[in-house]
Protein chains: 2
Amino acid sequence: MDTNDRLSPETALGRLPPGARREQIIAAASTLFAARGYHGASMQDVGERVGMLKGSLYAHVANKEEMLLEIVSTTSRRFIDALTPVLTGDDQVSVRIRLGLRTHLGVIHTDPDAARVFMHEGRHLEGRPRLWIEEAHNRYERIWRQAFEDGVRLSEFRHDLDTTAATLLALSVGNWITTRQGQVGDITNDIADSFSSVLLAGCLV
Amino acid sequence: MDTNDRLSPETALGRLPPGARREQIIAAASTLFAARGYHGASMQDVGERVGMLKGSLYAHVANKEEMLLEIVSTTSRRFIDALTPVLTGDDQVSVRIRLGLRTHLGVIHTDPDAARVFMHEGRHLEGRPRLWIEEAHNRYERIWRQAFEDGVRLSEFRHDLDTTAATLLALSVGNWITTRQGQVGDITNDIADSFSSVLLAGCLV
DNA sequence: CCTACCGATCGGTAGG
DNA sequence: CCTACCGATCGGTAGG
């Protein structure tokens, strides 16, 4: 507890509100885990990036794994919260899916590092957190699959459409793009719509 | 050099031909890099898996990075050698692509661990090897893109097909599947054909 | 292929 | 948030 409350504003290099410091640390971890992988980035690296010694990080986070878990669970929630309303509306299914791809790529665009950690580093969690994140992945996949199944049920898509294949196809573009960051250029709605046009043409009756 | 040549066969637990021992070590590394990531797997882990102390590994490989480079370059060659004849023939383009997806998934099926290391761990190489493997990735992508462009040029595919989107779509399914190993079940030609049917329906005129 | 070892770094802690 | 430190493990080597 800090009893030294002051009314004057903090200087530029001065103390940050306590929560902000933690967020800054998590953001640094996110960047480093994305670039070097979870095991390839050390607490020392994270400390350097926020300008403190690694030992001091433990005043803000319990341990390295907690940072990974926080990045992964925050991002997973971000995807699910953003896509659920889009994919489960009562719009035309092809509209839902086009918008869904835009939204999915939009979430990636908001924080590409976190998206990458969510998709590629979450597997380095162990025990209960590991199961938890796998469940989140499955929940997200189910939301997408449901949309394709709606498309078939409402006769908007071919009755013989393999919804599993379509779902995996939709998710995989969105995710593979995180592997090619910087090479694919900015993620725009145009890019999302290009994928949609090929994918949807393959689904429609 | 071993001057102790014998005509009798080796016992089951006995010495292996020198090249085979090296291959066994690389295979162990492959499995471990796939499961725990390059930085998450130690030389000690590799040693345990082949039944020797880590120091002894250096009689067969120069260092840890050499193992990664060998896995990645072998697998990259495997993909390019397998797919080049399939995708550049003068068959109908949709036939080439269907067969291409089968072949791609077939290469993954042959050695899922190596495929996974190729696609997700190669980025942990540095310097020249890193550039080399990026170039290999690009070469492979170009072979696929060329097929889609042939499809448009020969009026087999829609003239307004976004070949970049189609290429990324094709590659991403193939690659994303390595992330879901064990969950997707065995990689069969049927699975490959399911993807083809959605993808090609989205490409045809 | 083992013994025995190297310096460096790992994640993490105590006490202030 | 720093100082100072912990035991464990890292990739790698010398000599046999």
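Here is how names work: the chains are called A, B, and so on, in the same order as the sequence lines, proteins then strands, and each is numbered from 1.
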Inset, instruction - For B:H109, check ring pair (Phe, Tyr, Trp, His ring centres under 6.0 Å) against everything at least two apart and list the hits. - result: none
Inset, instruction - Check ring pair (Phe, Tyr, Trp, His ring centres under 6.0 Å) between A:F33 and all other residues, then give those that pass, not counting sequence neighbours. - result: A:Y38
Inset, instruction - Quickly work out the B:E66 CD to D:dG11 P distance and round it to whole Å. - result: 15 Å
Legend entry - Any residue meeting side-chain contact (heavy atoms from CB on, under 4.5 Å) with A:T167, in chain and number order, not counting sequence neighbours: A:E141, A:W144, A:R145, A:F148, A:L171
Legend entry - Stretch residues 34-43 of chain A: residues that reach within less than 4.0 Å of DNA chain D through a heavy atom: none
Inset, instruction - Using only heavy-atom distances, determine whether the side chains of A:H137 and A:E134 contain a donor-acceptor pair under 3.5 Å. - result: no
Inset, instruction - Please state how far atom CG in A:L57 lies from atom P in C:dC10, giving the value in whole angstrom units. - result: 13 Å
Legend entry - Whole-Å distance separating the NE2 atom of B:H60 from the P atom of C:dC2: 10 Å
Legend entry - Identified stems (criterion: three or more consecutive Watson-Crick or G-U pairs, under 3.5 Å), DNA chain C: C:1-16 with D:1-16
Inset, instruction - Answer yes or no: does a side-chain N or O of B:Y58 lie under 4.0 Å from OP1 or OP2 of D:dT13? - result: no
Inset, instruction - Please identify each residue that fulfils salt bridge (charged side-chain N to carboxylate O under 4.0 Å, His left out) with A:R102, with sequence neighbours left out. - result: A:D193
Inset, instruction - Could you tell me which residues satisfy side-chain contact (heavy atoms from CB on, under 4.5 Å) with A:H120, sequence neighbours excluded, listed by chain and number? - result: A:R116, A:T178, A:T179, B:H120, B:W176
Legend entry - Nearest-neighbour nucleotide for the A:K64 side chain, D:dT13, C:dG12, D:dC1 considered: C:dG12
Legend entry - Upstream residue (5' side of DNA chain C) when A:D45 and A:A62 are each assigned their closest nucleotide: A:D45
Inset, instruction - Only pairs at least two apart or in different chains count here, so list each salt bridge (Lys or Arg N to Asp or Glu O under 4.0 Å) that has a residue in residues 32-47 of chain B. - result: B:R36-B:D45
Legend entry - Sequence neighbours excluded, every pair satisfying salt bridge (Lys or Arg N to Asp or Glu O under 4.0 Å) that has a member inside residues 49-67 of chain A: A:R22-A:E66
Legend entry - Nucleotide C:dC1, atom P - distance to CD of B:E48 in whole Å: 16 Å
Inset, instruction - Just jot down the side-chain contact (heavy atoms from CB on, under 4.5 Å) partners of B:L200, sequence neighbours excluded, or say none. - result: B:S94, B:I97, B:R98, B:F157, B:S196
Legend entry - Note: B:E149-B:R153 ion pair, threshold 4.0 Å (strictly below): no
Please report, to 0.1 Å, the donor-acceptor pairs under 3.5 Å made by any side chain of residues 84-92 of chain B, with sequence neighbours excluded.
{"from": "B:T84", "atom 1": "OG1", "to": "B:I80", "atom 2": "O", "distance (Å)": "2.6"}
{"from": "B:T88", "atom 1": "OG1", "to": "B:T84", "atom 2": "O", "distance (Å)": "2.6"}

Please list each protein N or O that sits under 3.5 Å from an N or O in nucleotides 3-7 of chain C, with the distance.
none

Inset, instruction - Send over the distance from B:N63 CG to D:dG11 C1', rounded to a whole Å. - result: 9 Å
Legend entry - Among C:dC10, C:dC2, C:dG11, the nucleotide that comes nearest once only the side chain of A:Q44 is considered: C:dC10
Legend entry - Nucleotide D:dC10, atom P - distance to CE of B:M67 in whole Å: 13 Å
